[in-house]
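Chain letters run A, B, ... following the sequence lines, proteins first, then strands; residues in each count from 1. For clarity, every value in this text was computed on a predicted model and none was experimentally measured.
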2 protein chains.
Amino acid sequence: MTGSRNFAAALARLKSAGLRPTKQRLALSKLLFEGGNRHITAEQLHVEARHQGVGVSLATVYNALHQFTETGMLREVVVDAGRSYFDTNVDEHHHLFYVDEGRLEDLPRDSVGLSDIPAAPIGCRVERVELIIRVRRAAG
Amino acid sequence: MTGSRNFAAALARLKSAGLRPTKQRLALSKLLFEGGNRHITAEQLHVEARHQGVGVSLATVYNALHQFTETGMLREVVVDAGRSYFDTNVDEHHHLFYVDEGRLEDLPRDSVGLSDIPAAPIGCRVERVELIIRVRRAAG
DNA sequence: AAAGTAGTTTAGAATTGATCTAATCTACTT
DNA sequence: AAGTAGATTAGATCAATTCTAAACTACTTT
Ligand SMILES: [Mn+2]
Ligand SMILES: [Mn+2]
Ligand SMILES: [Zn+2]
Ligand SMILES: [Zn+2]
């Protein structure tokens, strides 16, 4: 019952994004969007999928993550040179990054006072304002 | 005269960082710190050095950039997965990132109203607060 | 100044995350 | 059921970075 509702939700998400509901996309969509917000890398999602017996290649994971991002289901967050995180929370918000663990956590938009953002230079538009607080385990 | 003063300054920088003043480090230090603030990648700096006849390998450029960063002469800025930028401005400030060009520009700290930053979780300390405004050429 | 030592540089190999290719497969239309 | 556009995949490829270990050099000690 839960399974079928989740299936229906995943199906609806793909349908409204104009993506064919393949076995792989359905499985990845469920992994990503069931449960709370997630910040995950392609490799992590691939491992998770295989671990659940979902037959999906790494190339397909990358394809799906990019398609989900293009259609607004995900957003990409860059905090670490050489690794991209995909965020299931596409609302405006900020991030806490645990440098040691390579883990991202949401900060609600109103948890930070942010004002007077400079206007974009002429001929440009602001694509996004990213605020990342990098924290590290305190020494000692 | 200018040459010798620049040499003296580069020498002093390395000395105070506890790094041996090798030909390569002196040359890279001059390229980085003479003139205004810079945001540069390892590959870019390597090209620039070779272009000026400085014999330096890419591995050494990476070594030097990391050593300069560890000793506080540079700071690393992550805006693009798969490419690291090194910033000669180590004062607190923010960035404008021109996505199309892959170019970083400084925003003075007081050009943005930033307040009420959440405290670091217990056991952690805030290593840095990064604010990046991503801009893109306006369509049309 | 010569010798000794620890630190530095380097070419080239290796690694990593990501993308590409082109052959196979599948969801949807007719 | 057949046809077609779209999707998946293994494996090759790529770009940035790191590693390795041999040669070199700055500095210290005689
Ligand atoms: Mn990293
Ligand atoms: Mn990129
Ligand atoms: Zn988030
Ligand atoms: Zn800067």
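Rounded to whole angstrom, the span from the CG atom of A:N63 across to the P atom of C:dA18 amounts to 13 Å. Put simply, CG on B:L26 is 14 Å from C1' on C:dT9, counting in whole angstrom units. Atom CZ of B:R50 is separated from atom C1' of C:dA11 by 11 Å (rounded to the nearest Å). Atom CG in A:L14 sits about 11 Å away from atom P in D:dA7, given to the nearest Å.
In this structure, A:G18 reaches neither bases nor backbone, as no heavy-atom distance under 4.0 Å exists between it and the strands shown.
Side chain of B:D100 to main chain of B:R137: a donor-acceptor pair is present (N/O by atom type, distance under 3.5 Å, no hydrogens or angles). Side-chain N or O atoms of B:R125 include none that pairs as donor or acceptor with a backbone N or O of B:A120 at under 3.5 Å. Listed for the B:T88 side chain is no donor-acceptor partner under 3.5 Å among the backbone atoms of B:F33. B:H46 contributes a side-chain N or O that, together with a main-chain N or O of B:V56, makes up a donor-acceptor pair within less than 3.5 Å.
Contact check, A:Q24 against D:dT9: a side-chain N or O comes under 4.0 Å of OP1 or OP2. Regarding contacts with the backbone of C:dT9, every side-chain N or O of B:S57 stays at 4.0 angstrom or more from both OP1 and OP2.
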Heavy-atom protein contacts under 4.0 Å, nucleotides 11-23 of chain D, coded B base, S sugar-phosphate only, - none: -----SBBB----

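Classified by interplanar angle (parallel below 30°, tilted 30° to 60°, perpendicular above 60°), the ring pair B:Y85/B:F97 is perpendicular.
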Using atom names, set out every protein N or O paired with an N or O of nucleotides 24-30 of chain C below 3.5 Å, distance rounded to 0.1 Å.
residue : atom : partner : partner atom : Å
C:dA27  : N3   : A:R20   : NH1          : 3.4

As a quick check of understanding, evaluate side-chain contact (heavy atoms from CB on, under 4.5 Å) for A:V79 and A:H95, giving each step before the final call. CA-CA 9 Å; A:V79 283; A:H95 287 108; 5.6 Å; no

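Between A:L114 and A:V129 there is a side-chain heavy-atom pair separated by less than 4.5 Å.
Ion pair B:R128/B:E76 not flagged as a salt bridge, since none of the NZ, NE, NH1 or NH2 atoms sits closer than 4.0 Å to an Asp/Glu carboxylate oxygen.
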